[in-house]
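Some notes on the structure that comes next.
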Amino acid sequence: MIKKLWPYTRGYRKWILCGVLCSASEAVFELLLPLVMADIVDTGIPAGDTAYILRRGALMVCMALISMSLGIGAAFLSARAGQGFGANLRQAQYDHIQEFSFRNIEKFSTASLVTRLTNDCNMLQMSLMMGMRLMVRAPVMLISALVLAISISLKLSRAFLVALPLLAVMIVLILRHVGPKFSSLQERTDDVNLTVQENLAAIRVVKSFVREDYEAEKFQKRNNALRDISEKAFGFVVMNMPIMMLITYGTIIAVMWYGAPLVQSGELEVGLLSTFFTYITQVLMSLMMVSMIMMMLTRAIACGRRVVEVLDEVPDIADETAASTLEVADGSVDFDHVYFKYSPDAEKWNLHDINLHIPSGATVGIIGTTGSAKSTLVQLIPRLYEVQEGTVRVGGRPVKDYTMERLRDSVSMVLQKNTLFSGTIRENLLWGDENASDADIEAACEAACASEFIHRMPEGYDTDLGQGGVNVSGGQKQRLCIARAILKKPRVLILDDSTSAVDTATDAKIRAAFRTQLPETTKIIIAQRIISVMDADLIVVMDDGGISDVGTHEQLMEKSEIYRDVYQSQQEGASING
């Protein structure tokens, strides 16, 4: 895992190296300070040599200032390297996610991807920052202090033979229990994020159905699950400190017990015994720091695995066989014995044996019952999903021959779920063509019948839509999305039930504008209302993942029972409403 994450330290490796050197040097100076103090106690004070005491004191002050400067430098460098590493890692994940197909995203879930981009990356960058300080400082302090303590008194150093194994055993036991808990902790975090995301995205539905209590209960359940696993995980972490302190102070008491006779017998000087106490504390505290690092790394490893899963995910759809210079020649679309299913393990095909030719510039209507795979069919055209069998062609060439950028730039699609972004109307429309002029924007809005309500807005095209377009109605949102799609001047324009929220008169105006303003663009319209596709050049009737019939309105009224039944039911409904 380290091998896979290390490349994202690029640009900050010199800061990591300098930070490590600063941390190691800081530890060395801290270790030398007690020896200078021992000289003062054992040499300067008994001899009453004030000058010697002042010289050694000044040396201690200088060493302390140098140690402090190195500590500040290490903190600055570790923060810079950690934040840079985190930024690189987030950017790499985000860029890779942009290459995912819908199937890749569905594998992880949106909430989990958000957690991996934020919470998991933050944990990894914090681990690098703390690791640069503690992972260098702790071993240097541990080994150096142990060597210096042994050099002072080999007899007293035997206390470590009991303390160090006890501490090591406790660390191993704690880590064995806490590791799996941290993995579960991140999964419970995903669950909480999913609940919050769903609730906020569908807040209007929640309120309209008066389901606030139900949502609050669902959140509380998942929040409590996160709390419970957190308590279990960090309960082991909290146990670490009192156990370590018990062993540390027990060792100090043992050294006092056995060290006092050595001082009385003159075998050991008082200053060196005080220094020995300092080194004992540093050795044991260093081991405690190692245990803290290990627990932090245990959680970081759990987060790292989740991040690497995203980075290692191979996008289902790639440009491996595409020609980078190939342009879409026209708007013709062909389905040649196409088979498709969302899950490779599913027994039934969502689309089976689809054969269809759509001429360039034609207007094609697609109707069918709910679940007949109308939306699935059109999502194969811009390669939002990849077919398992058969071939989809656009402009006479298989869609795999085009790069996704060129293909999707030639296919404009208005999905069932209309999405607008935070910002003004103009900023949202410019998604279609960032270089569009005011005249182009006005023409697209006229074609989509959106200009009539835009001009009534307080600031016209500069009106802020709010998050997700909350300041416009469903029908207005649909028309803005259609205008945005028209601005792309695509070879193929797909409307996936995108006029369901507008009245039939406005729907007719939009279709009339398509015929006059987009004569060379292939228009594919999925609709529930037959009136929206009656005048199409070709109407495709879908049923249970296959094409039931193809023809004009008149032809289908004669030969298609499904089409005829839908038409008659809608006519009867219109008569009743009338």
Gap separating the [atom1] atom of [X] from the [atom2] atom of [Y], nearest 0.5 angstrom:
X: Leu128; Y: Met123; atom1: CG; atom2: CE; value: 11.5 Å
X: Leu487; Y: Trp431; atom1: CG; atom2: CH2; value: 14.0 Å
X: Asp537; Y: Arg515; atom1: CG; atom2: CZ; value: 9.0 Å
X: Ile486; Y: Leu495; atom1: CD1; atom2: CG; value: 8.0 Å
X: Ser548; Y: Ile562; atom1: OG; atom2: CD1; value: 3.5 Å
X: Ile454; Y: Glu459; atom1: CD1; atom2: CD; value: 13.5 Å

Enclosure of [X] [atom1] (heavy-atom neighbours >12, cutoff 6.0 Å):
X: Glu520; atom1: CD; value: no
X: Glu389; atom1: CD; value: yes
X: Lys559; atom1: NZ; value: yes
X: Asp95; atom1: CG; value: yes
X: Leu430; atom1: CG; value: yes

Non-hydrogen atoms of Ile229 and Leu226 that approach each other most closely
CG2-O, 3.2 Å

Determine the minimum heavy-atom distance between Tyr402 and Ala329, stating which atoms define it.
OH-N, 4.5 Å

With sequence neighbours left out, which residue pairs that include part of residues 368-381 fulfil the side chain to side chain donor-acceptor pair (under 3.5 Å) condition?
Tyr342-Thr376, Ser375-Asp496

Test: side chain to side chain donor-acceptor pair (under 3.5 Å). Region: residues 524-534. Which pairs qualify, not counting sequence neighbours?
Asp507-Arg529, Asp507-Ser532

Looking only at the side chains, is there a donor atom on one of [X] and [Y] sitting less than 3.5 Å from an acceptor on the other?
X: Ser560; Y: Arg564; result: no
X: Asn355; Y: Asp353; result: yes
X: Asp330; Y: Ser332; result: yes
X: Glu442; Y: His455; result: yes
X: Thr424; Y: Asp462; result: no

Would Leu420 and Ile425 satisfy side chain to side chain contact (heavy atoms under 4.5 Å, CB included), going step by step from the backbone distance to the final call?
CA-CA 9 Å; Leu420 295 172; Ile425 292 175; over 6 Å; no

Going by an N to O cut-off under 4.0 Å, is there a salt bridge joining [X] and [Y]?
X: Lys400; Y: Asp319; result: no
X: Glu309; Y: Arg116; result: yes
X: Arg188; Y: Asp191; result: yes
X: Asp401; Y: Arg393; result: no
X: Arg408; Y: Glu405; result: no

Stepwise side chain to side chain contact (heavy atoms under 4.5 Å, CB included) check, Glu452 with Arg479
CA-CA 11 Å; Glu452 59 185 69; Arg479 284 178 276 174; 3.6 Å; yes

Side chain to side chain contact (heavy atoms under 4.5 Å, CB included) between Ile366 and Met542, worked out
CA-CA 7 Å; Ile366 301 178; Met542 298 287 295; 3.7 Å; yes

Please lay out, stage by stage, how Thr189 and Asp120 fare under the test side chain to side chain contact (heavy atoms under 4.5 Å, CB included).
CA-CA 10 Å; Thr189 303; Asp120 292 348; over 6 Å; no

Here's a test for you: under side-chain hydrogen bond (donor to acceptor under 3.5 Å, both in side chains), which of Asp190, Thr115, Asn119 qualifies with Arg306?
Asp190

Using modelled atom types and a 3.5 Å cut-off, is there a donor and acceptor pairing between side-chain atoms of Thr521 and backbone atoms of Pro490?
yes

With distance as the sole test, does Lys341 use its side chain to make a donor-acceptor pair with the main-chain N or O of Ala346 at under 3.5 Å?
yes

Is the ring centre of Phe335 less than 6.0 Å from the ring centre of His357?
no

Compute the centroid of each ring, for Tyr563 and then for His553, and state whether the two points are separated by less than 6.0 Å.
yes

Parallel, tilted or perpendicular: rings of Phe108 and Phe100 (30°, 60°):
parallel

For Glu215, enumerate each residue passing the salt bridge (Lys or Arg N to Asp or Glu O under 4.0 Å) test, keeping only those at least two apart in sequence or located in another chain.
Lys218

Between Tyr214 and Arg211, is there a cation-pi geometry (under 6.0 Å to ring centre, at most 45° from the normal)?
yes

